[in-house]
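Let me begin by presenting the structure, written as structure tokens, before commenting on it.
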Amino acid sequence: MLRLSQLFLRTLRDDPADAEVPSHKLLVRAGYIRRAAPGGYTWLPLGWEVHRNIERVVREEMNGIGAQEVHFPALLPREPYEATNRWDDYGDTLFRLKDRRGADFLLGPTHEEMFTLLVRDLYSSYKDLPVSLYQIQTKYRDEARPRAGLLRGREFTMKDSYSFDLDDDGLATSYLAHRNAYIRIFDRLGIPYVVVSAMSGAMGGSKSEEFLAECEVGEDTFVRCGSCNYAANTEAVRVRVAPSTHDNIPAAHVVDTPSTPTIDTLVDCLKSLGVTAPHGGEWTGADTLKNVVVMVKNPDGSRTPLAVGVPGDREVDMKRLEAQLSPAEVEPFGEADFAAFPALVKGYIGPDVLGAEKAAGVRYLLDTRITDGSAWVTGANVSGKHVVNLVFGRDFTSDGTIEAAEVRAGDSCPECGAPMRIDRGIEIGHVFQLGRKYAEALDLKVLDKNGKQQVVTMGSYGIGVSRAVAVVAETSHDELGLCWPREIAPADVHVVSTGKGNDEITSFSDHVALSLEQRGLKVLFDDRIGVSPGVKFKDAELLGMPTIVIVGKGLAEGKVEVRDRKSGERTDVDAASVIDHIVDVCRAL
RNA sequence: CGGGGAAUGGCGCAGUUUGGUAGCGCGCCUGCUUUGGGAGCAGGAGGCCGGGGGUUCAAGUCCCCCUUCCCCGACCA
């Protein structure tokens, strides 16, 4: 039993000034966590209880699909990560350090290499497969911007698991088992979530899905189709493009468009020129081809320019662009960069000079909406001039396509064409099929039935455990405080005694708390003497146990009050039957 | 890493303009009163005013550098 008179806890009346999002404010105010370092939090008794409860749910479901728990060091040697190139590819996000002899180490951001090597060490036959291993580990990432308390820290707890199979069918089966386990886990945690198609990012690999908690403060944006089941992270959206309807476009020609460095000014100018648009209607930004130049920063530190062409009514989504170019990063093209590439006329950049073989020597990739035969207005590479009726395939080419244009609400679903919604979420889980990238890099092979060496195929699956604590707080609270789902609450029931220490109320509340514990419930007992009832009620609401029992003035009429934290519903129960009643309530779900 | 704001007791804040004894509310300790919605009175404890360097007789306050935090843009469990 947790007695508030003894518990290491101090609740705060005011929100901490450095917290912005509700989960951060409430977890600090309620005495669950305490900031200890930039991006690092101390877990206080109640917070750690929630953390362990989430771990328990995760373990049960992982064990349920036959995965086996192991535990690696967080402090890892450089070599395995060198072999897979991630020592460099992970960039500044990787915590690197040296030992006293100058040897390189890192704090593990994720453990694909170590698991792969472990299996290689011990297993060498197809008879050993499939096998799935997992750990619940402290992970380290030197985030550029830790924020929102637990939601994005530099040290966090993650459950990561890895499946090892002989062939693609086996991988598909392991992947599905994990996916289903994740569904059960997040259902039990009471987190509202969506499963979306995702990029595999720096991990490499093929099929990949994310579990996103639907949440306004989320950092991910995703689309969802209103009529079919399609859902995807915007980074991973693959646009469905209608073929060009343009036909018999007259020859391209240059027009004078003075002072038109932006799409808006260009459209206004085109309207005033009296030139007709290829589709016969009024000119819009969608008729223009905007060429945006960026600097691509490669993992080895080198920088190469890249031009991206998108319809003028859309921005280039830097997140989507970077996801396509991963592990390289994208930087804005600065004034100094323009000076170094004089062929690029800012505001009037056109395909004439773009392309690896052309004047500017800049690689040129086009959005998939620039289809064969489509006609565009675009820069003429001379200040104040644009080209009209430039047809892709006829008048210009590119070095390839790229999905970097922004995604908007109302864009059509790649599966069924219906308009899509756009929402925000927090990534709480990620499952993906790694394939053979790591097994090849680290030489993980087993002998098959025919005695031949086969490269093993792998899956990798993560759940942010510490993040899940914050996500539950974020998705389950009200203006009074936290509301934990019973499965992970620090206690089933919060017993409030308003007694003065030496009266019937005190002795009966004692009896209630002890009896409930004997019946197998986890009890948080506010047995503090000399604390006013108002304070105890406020604390009970802030702390967020699912059931609150108040032994107080009602006892004079033989009644005890039982409240449901989430609904606020209050019931007066006969003191004689209150134990059974509460046990029933707590076991009901 | 760019732009904006901030750092004063456990928490929230004033004081900085105009340099001159470090304050308020909450919390904490003691005593008395109080006890169903963050009680009252009285008395206390607790501060290298984020760090370093300057200017000055004198710096929380002025100047320079650094660190950290929050928000907005580029990364992920």
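Small disclaimer: the values here were computed from a predicted structure and weren't measured.
- Taking atom CZ of residue A/F432 and atom C1' of nucleotide B/A77, one finds them 11 Å apart after rounding to whole Å.
- Between A/E61 and A/R188, at least one side-chain nitrogen of the basic residue sits less than 4.0 Å from a carboxylate oxygen of the acidic one, meeting the salt-bridge criterion.
- Ring pair A/Y461/A/F432: centre-to-centre distance not below 6.0 Å.
- Relative orientation of the A/F95 and A/Y140 rings is perpendicular, given thresholds of 30° and 60° on the angle between their planes.
- In the interface, the side chain of A/R10 is not paired with the base of B/G38 through any donor and acceptor atom under 3.5 Å apart.
- Here A/E209 pairs with A/R179 in a salt bridge; the nearest charged N to carboxylate O distance falls below 4.0 Å.
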Nucleotide by nucleotide, 5' to 3', does protein get under 4.0 Å of the base (B), only the sugar-phosphate (S), or neither (-) in nucleotides 4-15 of chain B, counting heavy atoms?
-> ------SSSS--
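- With C1' as the reference atom, B/C69 and B/U55 are 29 Å apart, rounded to whole Å.
- Look at A/R86 and A/E112 and you find a salt bridge, because one of the NZ, NE, NH1 or NH2 atoms lies within 4.0 Å of a carboxylate O, short of that distance.
- Relative to the side chain of A/R467, the nucleotides B/C76, B/C71, B/G36 differ in distance, and B/C76 lies closest.
- Between A/R424 and A/D220 there is no salt bridge, since none of the side-chain N atoms of the basic residue sits less than 4.0 Å from a carboxylate O of the acidic one.
- At a threshold of 4.0 angstrom between heavy atoms, the contacts of A/G429 are confined to the sugar-phosphate backbone, with no base atom among them.
- In this structure, A/F156 packs face-to-face on the six-membered ring of B/A77, meeting both the 5.5 Å centre cutoff and the 30° plane limit.
- If you take atom P in B/G20 and the same atom in B/G10, they sit 25 Å apart, rounded to whole Å.
- Going from the P atom of B/A14 to that of B/G25 covers 15 Å, rounded to whole Å.
- With sequence neighbours excluded, the residues forming a side chain to side chain donor-acceptor pair (under 3.5 Å) with A/E49 are A/R52, listed by chain and number.
- Taken residue by residue, residues 175-183 of chain A places no heavy atom nearer than 4.0 Å to RNA chain B.
- Residue contacts for A/I550: at a heavy-atom cut-off of 4.0 Å it reaches a base atom on one of the strands shown.
- Closest to the A/R570 side chain, of the nucleotides B/A77, B/G37, B/U35, is B/G37.
- The C1' atoms of B/G4 and B/U61 are separated by 23 Å, rounded to the nearest whole Å.
- When both pairing distances are held under 3.5 Å, B/C49 makes no Watson-Crick or G-U pair with any nucleotide shown.
- Nearest nucleotide to the A/P533 side chain, out of B/U35, B/C76, B/C71: B/U35.
- Side-chain atoms of A/T11 lie closest to B/G38 of the nucleotides B/G36, B/A77, B/G38.
- Atom CG of A/D503 is separated from atom P of B/U35 by 12 Å (rounded to the nearest Å).
- Nucleotides B/C1 and B/U8, compared at atom P, are 24 Å apart to the nearest Å.
- The side chain of A/K538 has B/G38 as its nearest neighbour among B/U35, B/C69, B/G38.
- Contact check on A/D14 versus A/R29 returns no salt bridge, with no Lys/Arg side-chain nitrogen under 4.0 Å from an Asp/Glu carboxylate oxygen.
- Across all strands shown, B/A7 is found opposite B/U67 as a Watson-Crick or G-U wobble partner, with both distances under 3.5 Å.
- The cationic group of A/R563 lies under 6.0 Å from the six-membered ring centre of A/F537 and within 45° of the ring axis, placing it in a cation-pi geometry.
- The pair A/E315-A/K290 meets the salt-bridge criterion, since a charged nitrogen lies less than 4.0 angstrom from a carboxylate oxygen.
- Across all strands, A/R29 comes closer than 4.0 Å to base atoms (heavy-atom distances).
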Given A/Y175 and A/H178, is the ring pair (Phe, Tyr, Trp, His ring centres under 6.0 Å) satisfied, shown in steps?
-> CA-CA 5 Å; A/Y175 178 88; A/H178 274 86; 8.5 Å; no
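- In the set B/G36, B/C76, B/A39, the nucleotide with an atom closest to the side chain of A/S532 is B/A39.
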Atom pairs under 3.5 Å, N or O on each side, protein against nucleotides 47-52 of chain B: can you list them with distances?
none

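- Among the protein residues, A/G153 comes within range of the nucleic acid bases, having at least one heavy atom under 4.0 Å from a base atom.
- Between B/G38, B/G37, B/A77, one nucleotide has an atom nearer to the side chain of A/L542 than all others, and that is B/G38.
- Pair assignment for B/G2: B/C72, on the basis of Watson-Crick or G-U wobble contacts that are both within less than 3.5 Å.
- Every side chain to side chain donor-acceptor pair (under 3.5 Å) that A/R528 has, sequence neighbours left out, goes to A/D526, A/D539.
- Where A/A148 and A/F211 each meet RNA chain B at their nearest nucleotide, the meeting point lying more 5' is that of A/A148.
- Within the structure, ring pair (Phe, Tyr, Trp, His ring centres under 6.0 Å) contacts touching residues 3-30 of chain A (residues at least two apart or in different chains) are A/H24-A/Y41.
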